[in-house]
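Encoded as structure tokens, the structure appears first; notes follow it.
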Amino acid sequence: MHEPTALLAQIAAQVRPLLTHGDLPQYIPRLAQVKKAQFGMALATLDGREAVAGDADVPFSIQSISKLFALMLALERAGDTLWRRVGKEPSGMAFNELVQVDQERGATRNPFINAGALVVTDVLCSHFAQPELALLQALRSHSSDEAVDIDQAVFRSERDSCHRNAAIAHLLKSYERIDNDVEVVLDTYCRQCALTMSCRQIARNALALAASGDAVAEQGGRGLSAAQRQTVNALMLTCGTYNAAGDFAARIGLPLKSGVGGGIVAVMPGVGALCAWSPGLDAAGNSVAAGRAIELFAQQMGLSVLGSSKQHLT
Ligand code: GLU
């Protein structure tokens, strides 16, 4: 049995030596200036409890974690027709790979690489007059917190330097895989990447994915069916942590989504959601301290969906 607040405090202390490790993402100038020695962690459980440690309420740039939230909103809106446009396979390539998109004639492997995420954003652009506002409202509502916002400085910084994403988007358009104006899709994509949220807000938003069975509304399961939640969780497990997904599956064994802002969110099916954040990234682009913190939590609780030693919270 583990008391969650004490467990999170213990893990925060254990990862403290790692806060100087890793690098900041230099390709987004604004993120390269963030203070590295920060760490936060938040747990939200299906039975309505929360526990936090460190900088759990400090907002940070969620970057690719937005791909998860955009996917959830697009699935709610477009339903399973979305899968006609985006695949469910790991790419085995960098998240911003261009050549594979061309080789596969505009097919996108999964919604967590940039090509797939741009198609998901395109779907949102088709369904909402102001897609970034629709996303913002959904995130605020599921956070029960109006403070979720878009950091305009991060948006400008990325929009002005998103040449590679622009190349991917134009390539997709050349294969008629994007319906809307490329500039509109890029604007929306860069805004969603510039969302700022805290660990607590992210954990609350991911909680829907932990809901079991058909329990939807009362557990914040939102408009996603049990089968859709299972699909999203499978994609997180296999594609959520860049090219380290196999290693993370072995070490942690939970659906995860990572962002270059240093956040990692974990879904614990049937239990809850956990988000950890620390800006220093490893070579694959995953936060060193946040990854280790989630690993320690999963180990202590025996949570790996691939293992068999589940513990319980008191
Ligand atoms: N905005 C970043 C990009 O598109 C997201 C990177 C990430 O967090 O994976 O390059």
Side-chain angles (χ1 to χ4, degrees), residues 1-19 21 39-54 56 65 68 90 112 199-200 202-215 219-221 224 226-227 229-242 244-258 262-278 282 284 286-314:
M1 290 287 200
H2 293 284
E3 197 287 307
T5 304
L7 179 56
L8 263 50
Q10 178 201 321
I11 290 171
Q14 276 176 278
V15 301
R16 195 164 299 132
L18 298 178
L19 302 192
H21 292 215
F39 174 82
M41 199 170 190
L43 168 73
T45 65
L46 288 172
D47 58 11
R49 290 183 291 166
E50 286 189 351
V52 295
I65 296 177
L68 172 64
F112 296 150
C199 289
R200 191 195 298 267
I202 291 174
R204 286 181 181 175
N205 269 278
L207 191 56
L209 294 169
S212 39
D214 287 326
Q219 293 182 333
L224 299 182
R229 294 197 298 271
Q230 183 171 326
T231 300
V232 174
N233 287 337
L235 283 163
M236 291 174 76
L237 184 73
T238 53
C239 314
T241 44
Y242 309 111
D247 183 47
F248 272 94
R251 274 167 52 202
I252 299 179
L254 289 173
L256 304 171
K257 185 70 199 92
S258 180
I264 304 180
V265 62
V267 176
M268 301 171 284
V271 178
L274 179 70
C275 179
W277 165 64
S278 188
D282 65 17
N286 298 299
S287 166
V288 177
R292 179 69 181 140
I294 292 175
E295 180 180 5
L296 288 168
F297 186 89
Q299 275 172 0
Q300 299 259 9
M301 297 291 299
L303 279 173
S304 170
V305 294
L306 311 167
S308 60
S309 54
K310 201 169 270 185
Q311 303 285 305
H312 296 281
L313 295 169
T314 53

Interatomic spacing from CG in Asn205 to CG in Leu68 - rounded to 0.5 Å: 9.0 Å

Check: Arg204 side chain, Ala44 main-chain N or O, donor-acceptor pair, under 3.5 Å: no

Asn286 and Thr241: side chain donor to acceptor below 3.5 Å: no

Residues which pass side-chain hydrogen bond (donor to acceptor under 3.5 Å, both in side chains) with Thr45, listed by chain and number, not counting sequence neighbours: Asp47

Chi angles and distances behind the side chain to side chain contact (heavy atoms under 4.5 Å, CB included) call for Leu209, Met236: CA-CA 11 Å; Leu209 294 169; Met236 291 174 76; 3.9 Å; yes

Side-chain heavy-atom pair Phe297, Leu43 within 4.5 angstrom cut-off: yes

Spatial distance of atom CD1 (Ile294) from atom OG (Ser258) [nearest 0.5 Å]: 8.5 Å

Whether over 12 other heavy atoms sit under 6.0 Å from Arg49 CZ: yes

Ala249 to Leu306 - nearest heavy-atom pair and separation: O-CD1, 3.5 Å

Pairs involving residues 293-302, ordered by first then second residue, that meet salt bridge (charged side-chain N to carboxylate O under 4.0 Å, His left out) (sequence neighbours left out): Arg251-Glu295, Arg292-Glu295

Expected output: side-chain His2 to main-chain Gln300 donor-acceptor under 3.5 Å: yes

Heavy-atom pair of closest approach, residues Ile202 and Cys275: CG2-SG, 3.7 Å

Distance in Å, Met41 CE paired with Leu8 CG, rounded so as to fall on 0.5 Å steps: 5.0 Å

Closest approach of Trp277 to Ala290 (non-hydrogen atoms, all atoms of both residues): N-CB, 3.8 Å

Nearest atoms (heavy-atom pairs only) where Lys257 meets Gly240: NZ-O, 3.2 Å

Audit row: Val305, Leu254, side chain to side chain contact (heavy atoms under 4.5 Å, CB included) steps and yes/no: CA-CA 6 Å; Val305 294; Leu254 289 173; 4.2 Å; yes

More than 12 heavy atoms of other groups within 6.0 Å of Gln230 CD: no

Minimal non-hydrogen separation, Pro255 against Pro269, with atom names: CD-CD, 4.3 Å

For the student: nearest non-hydrogen atoms of Gly262 and Ser287, plus distance: O-CB, 3.2 Å

Leu256 CG to Asn233 CG distance, which is reported to the nearest 0.5 Å: 10.0 Å

Leu7/Met301 under side chain to side chain contact (heavy atoms under 4.5 Å, CB included): CA gap, chis, key distance, verdict: CA-CA 10 Å; Leu7 179 56; Met301 297 291 299; 3.9 Å; yes

From CE (Met268) to CD1 (Ile252), nearest 0.5 Å: 11.5 Å

Leu296 side chain reached by Gln10 side chain, heavy atoms, under 4.5 Å: no

From CD1 (Ile65) to CZ (Phe112), nearest 0.5 Å: 10.5 Å

